[in-house]
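Chain letters run A, B, ... following the sequence lines, proteins first, then strands; residues in each count from 1.
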Amino acid sequence: MSERKSQRPEFDANLLDQGFDPQAIESALYAWWEASGFFDVGDEGEPYCIMIPPPNVTGTLHMGHAFEHTLMDTLIRFNRMEGKRTLWQMGTDHAGIATQMIVENQLAQRNLDKASFGREQFVQEVWKWREESGGEICNQLRRMGSSLDWTNECFTMDPDYANAVLEAFVRCHEAGYIYRGQKLVNWDPVLCTAISDLEVQNEEESTYLWKIRYPIVDEPGASVTVATTRPETMLGDTAVAVHPDDPRFSHLIGRRVRVPIIEREVPVIGDAYVSMEFGSGCLKITPAHDFNDNEIGKRHGLPEINIFDESARLNDQVPDSLQGLDRFAARDRVVELLDQAGLLAGKEDRRVQIPRGDRSGAVIEPCLTNQWFMRMDALRDLAVDAVATGQVEFVPGHYANLFNAWMRDIRDWCISRQLWWGHRIPAWYDEAGNAYVGRSEAEIRSKYDLRDTPLKQDEDVLETWFSSSLWTFATLGWPTDTERLNSFHPTTALVTGHDIIFFWVARMMMMSLGLFDQIPFRQVYIHGLLRDAQGQKMSKSLGNGLDPLDLVDGIDLEALVAKRTSNLMQPRLAPKIERATRKEYPEGIAAHGVDALRFTFAALASTGRDVRFDLERVHGYRNFCNKLWNAARFVLMNTGSFDRQAPREPGLAESWIASRLATRIKDWRRALREYRFDLLAESLYEFAWHEYCDWYLEAAKPSLREAKEQGGRASATQACLLETLESLLRALHPLMPFVTEALWHPVAERLGIEGETIMLAAYPVAKDETINPAAESDFDWMRALVGFARTMRSDRALPPGSTVVLILQGSGKALAEAKATLTLTETMIRHLGRVASIEFLAQDEPAPPCAFELIGDLKVMVPLEGVMDLSVERARLDKAIVKTTNELARVAAKLENPNFRDRAPEQVVAAESEKQRALDSRLARLQEERTSLQD
RNA sequence: GGGUGUUUAGCUCAGAUGGGAGAGCAUCGGCCUUACAAGCCGGAGGUCGCAGGUUCGAUCCCUGCAACACCCACCA
């Protein structure tokens, strides 16, 4: 641990005077943690490592990040508390297309474009933008409490990282994974770059299916009719295909037809791909602009005629009059010409899948270009095998199916991009166009003995995901054999959403296994994707997004409206967004603090695919923080006199809460092991609020008061209050780092616990011997009595300050047992149930008018002189009788079934029998009472 | 066309190897009980999507169906 540069912020002194105010503690604590080096990787312990999915360097924090980071930070903080050597690697991504687009847009606002800058200068502009805005997301991450290792922060364009990318490319090339080739790729005519299959979004859109007649050569008047949704591509047709078994057309195979407008003669070919049922049964073949046609073309050796330029305008392969036309204008013109020529045979409405680029939204044009590709088959097998053998585990497991299904059908990956911002491809060309791949021009010259041959480096850059796929090891120093790499790779866990399993998870696995034969991570935890309360995707354009820090700090309505309606892609939506925002948040959004938001994220992280984010939940968990804060205040207020040396005599309540805590700790640890953040949060909440605060704290009050009145100290109670709270704070810390750190110091101090920070205190460990079923059962008995007294008070609307008398009636044995338990519980019953006194009646003694309940073998009564309403009691009894009768009938039916007796496990039968006995006795007594209440 | 997930209280969701259902929020009633009204106490609310099957017994396992969501896919 590095030297202390910072003092722990002091707010314990006036803690007792303050209400819970998250803003007063958060930033001071984070600054102290970071300056003190608590996030740094230590030297000892089993390595535990999570790599942050690198956010775009110029991006800002959105809800999805905050959610994901909360889960990662929880795992990291837990494992750090477990004494592991814990690394949460920080880093950012250069995000090629996204960042380049932003900078280009900024230039456009100044009426500039990148061409006027030139490559060198444009890239400088991007670096400048990165300098200006690159820090924002880091500050936001700090605000969320993320305990990242900032001292080894990485950027995918750092020199070391760039070197790793270079090395990876060269090695993959040497291994034969990377090749260059002219293939049909997805071309984005707006961005003027190739993109990968994954970056294409197919959406169903309305268009037409046109039918066009192609005259048959040497047979005047005869023609075949083809059906197409893209008539303009006919200008690149090099064949018409029919199914070889189609009786209507098979005789035409080998004949030639004339493509209208360009008047090119092309063959009729037979190919089984053609469906006889669809359209006209004849398919026009455009090998340069359709993936299927391309394959058919290859099978038949057809020429590939590219008719578009890089912006998808018609090029010089078409008649002069059409050249330069955009593809959609070309479509209209072609249809017009065909119509004039009388060759249009029809047009019908049709819904088809239109491919669009996920960044530009432009319709993607399949184009023949020279690109670099990664061969997927061998790498795919390595990755699939790693999952099949369990080396890499998906959590939840069913994501392995998704992964496998995608991998099965994977095509070679186009990794080159015609952009300026990114890692330049390390390939050089001589004048003949031969490509040489190497670490540098010098290396190539010497390796291939090129001396004075003029060489020119490839203009293209690598897709961003290529560099991201090296993330787990390039951040640790690869290709250098560093200590960090050896210690932390393979990393322990990856936490991410299912939307990037293909983009990133699968590719990291292939790269890591392909390049140095290691899996990148052992477990992949896939969380759901965040949606708004209505289940809609959160997005800027819909205007339903939330800035996590607005939930933390609060934001007034006007500011929120302004934020949501500024810089919209579609400004005309602004009024609608404004209306919706004013309706949903009439008061703006209150400040909730980081801990409440983090706890909410955890509580929502169930196993489903979507996570609906509901502001109400944050509200509830802010209340939880407040509850915790006040509980700590209470404990501190009542333990000022605590003497650690004083003898302790723990009572039932102490045994009970200790037993509950031990059980809970097991649950919490299991939840963390299984990535069940929702169960973790729920169980922590339940224990803190409904066990510790509602029952233990309340049970502690009478003994504290008694001790005070007698000038004593109630050492056992004080110790238990402090110890349980101290454990609870440690257990909560991974989820709620700030409030737990603030509260832990004064509490720990009372207990004489030394520790610089709760961050480095041990996560609670359950001691089996502390689990105490007898104490739990006695405590539950007490709770039942108290519950009855409270229900009676509430039912009769007794004055709040009033007390009741409890009368216990039962057999000698039952009464003796009750008296024994009462020695442990009477004080609590009196205090918690507002019970003035407890009296006893033998089985056969007459009782005054009473409301009663049967608890075990005991009849518990509250005398109701004056407030006894017979009709109310009768109704209560009747209800109880009906319920008991029904239950009994069910149990009896089961027991009477010989099959059940024979086949069900012995202890199940025994339990049912016991249930029957208890219900029998209960019913008899209820009926007896009912009879006595008869008018 | 193929695949995955979801369907439980008004809402959002838990229910580990099958023994007859829980929480939070909302709601209703009563309380400023000296940690907390961001609180306390009590209550009401569900044929567990539908139909079959396996089983002594199904919210849970199997089959089919329906609705919703998402992913993949070349029928022009």
Student: Checking contacts here: which listed nucleotide (B/A38, B/A76, B/A35) is nearest the side-chain heavy atoms of A/F20?
Tutor: B/A38
Student: Please list, in numerical order, the residues of residues 671-685 of chain A that have a heavy atom closer than 4.0 Å to any atom of RNA chain B.
Tutor: A/R676, A/L679, A/Y685
Student: Between the side chain of A/D271 and the main-chain N/O of A/Y273, is any donor-acceptor distance below 3.5 Å?
Tutor: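 Side chain of A/D271 to backbone of A/Y273: a pair is present.
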Student: How close do A/L895 and A/R901 get, heavy atom to heavy atom, and via which atoms?
Tutor: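 Answer, listing the atom of A/L895 first, then A/R901: O-NE, 3.1 Å.
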Student: Closest to the A/E912 side chain: B/C70, B/A35, B/G19?
Tutor: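 That would be B/G19.
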Student: Syn or anti for B/A44, taking syn as within 90° of 0?
Tutor: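 B/A44: anti.
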Student: In terms of side-chain heavy atoms of A/F502, which of B/C13, B/G42, B/C71 is nearest?
Tutor: B/C71
Student: Give the nucleotide from the list B/U12, B/A35, B/A76 with an atom nearest to the side chain of A/K627.
Tutor: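 Nearest to the side chain of A/K627 among the choices is B/A35.
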Student: Using the ring pair (Phe, Tyr, Trp, His ring centres under 6.0 Å) rule, take A/F613 and A/F601 through it: C-alpha gap first, then chi angles, then the decisive distance, then the call.
Tutor: CA-CA 8 Å; A/F613 186 84; A/F601 284 137; 5.7 Å; yes
Student: Please work out if A/Q907 contacts a base, only the sugar-phosphate, or nothing of the nucleic acid, heavy-atom cut-off 4.0 Å.
Tutor: nothing
Student: Please report whether the ring centroid of A/F394 lies less than 6.0 Å from that of A/Y399.
Tutor: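 Distance test on ring centres: not under 6.0 Å, no.
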Student: For A/R793, which contact category applies under a 4.0 Å heavy-atom criterion: base, sugar-phosphate, or nothing?
Tutor: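 Nothing: the residue A/R793, judged by heavy atoms under 4.0 Å, touches no strand.
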Student: Counting side-chain heavy atoms from C-beta on, which of B/C70, B/G42, B/C75 comes nearest to A/H498?
Tutor: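 Of the options given, the side chain of A/H498 lies nearest B/C70.
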Student: Output the single nucleotide from B/C70, B/G39, B/G43 whose closest atom is nearest the side chain of A/R531.
Tutor: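 Nearest to the side-chain atoms of A/R531, counting from C-beta on, is B/C70.
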Student: Nearest of B/A14, B/C75, B/G43 to any side-chain atom of A/T791?
Tutor: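 Of B/A14, B/C75, B/G43, B/G43 is nearest to the side chain of A/T791.
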Student: Consider the side chain of A/N623, meaning its heavy atoms from C-beta on, and name the nucleotide among B/U12, B/G39, B/C40 that approaches it most closely.
Tutor: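 Ranking B/U12, B/G39, B/C40 by closest atom to the A/N623 side chain puts B/G39 first.
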Student: Any base atoms under 4.0 Å from A/H690, or only sugar-phosphate, or nothing? Heavy atoms, all strands.
Tutor: sugar-phosphate
Student: Applying a 4.0 Å non-hydrogen cut-off, can you work out what A/F278 is touching in the nucleic acid: base, sugar-phosphate, or nothing?
Tutor: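 Answer is base: heavy atoms of A/F278 come under 4.0 Å of a base.
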Student: Which heavy-atom pair separates A/M828 from A/M782 by the least distance, and what is that distance?
Tutor: SD-CE, 3.8 Å
Student: Could you state the CH2-C1' distance from A/W406 to B/C72, rounded to the nearest angstrom?
Tutor: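 That distance rounds to 11 Å.
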Student: What is the minimum heavy-atom distance between A/T639 and A/Q718, and which atoms define it?
Tutor: CA-NE2, 3.7 Å
Student: Counting side-chain heavy atoms from CB outward, which of B/G42, B/A38, B/A35 is closest to A/N626?
Tutor: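 For the A/N626 side chain, the nearest candidate turns out to be B/A38.
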Student: So what does A/K701 touch, heavy atoms closer than 4.0 Å: a base, only the sugar-phosphate, or nothing?
Tutor: base
Student: Sticking with atom P, work out how far B/G53 lies from B/U59, rounded to a whole angstrom.
Tutor: 15 Å
Student: Using a 4.0 Å heavy-atom cut-off, does A/S275 contact any base of the nucleic acid, only the sugar-phosphate backbone, or nothing at all?
Tutor: base
Student: Under 4.0 angstrom, heavy atoms only, what part of the nucleic acid is A/A904 near: base, sugar-phosphate, or nothing?
Tutor: base
Student: Quick one: label A/W689 by what it contacts on the DNA or RNA (base, sugar-phosphate, nothing), any heavy atom closer than 4.0 Å.
Tutor: sugar-phosphate
Student: Mind checking the C1' distance from B/C60 to B/G22? Whole angstroms is fine.
Tutor: 15 Å
Student: Report the stems of RNA chain B as range-with-range entries sorted by first number; a stem here is at least three consecutive pairs, Watson-Crick or G-U wobble, both distances under 3.5 Å, and write none if there are none.
Tutor: B:1-7 with B:66-72, B:10-13 with B:22-25, B:27-31 with B:39-43, B:49-53 with B:61-65
Student: Within the structure shown, what part of the strands sits under 4.0 Å from A/V635 by heavy-atom distance: base, sugar-phosphate, or nothing?
Tutor: nothing
Student: If you only use heavy atoms from C-beta on, which nucleotide in B/A76, B/C25, B/G19 is closest to the side chain of A/R350?
Tutor: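 Taking heavy atoms from C-beta onward, the closest nucleotide is B/A76.
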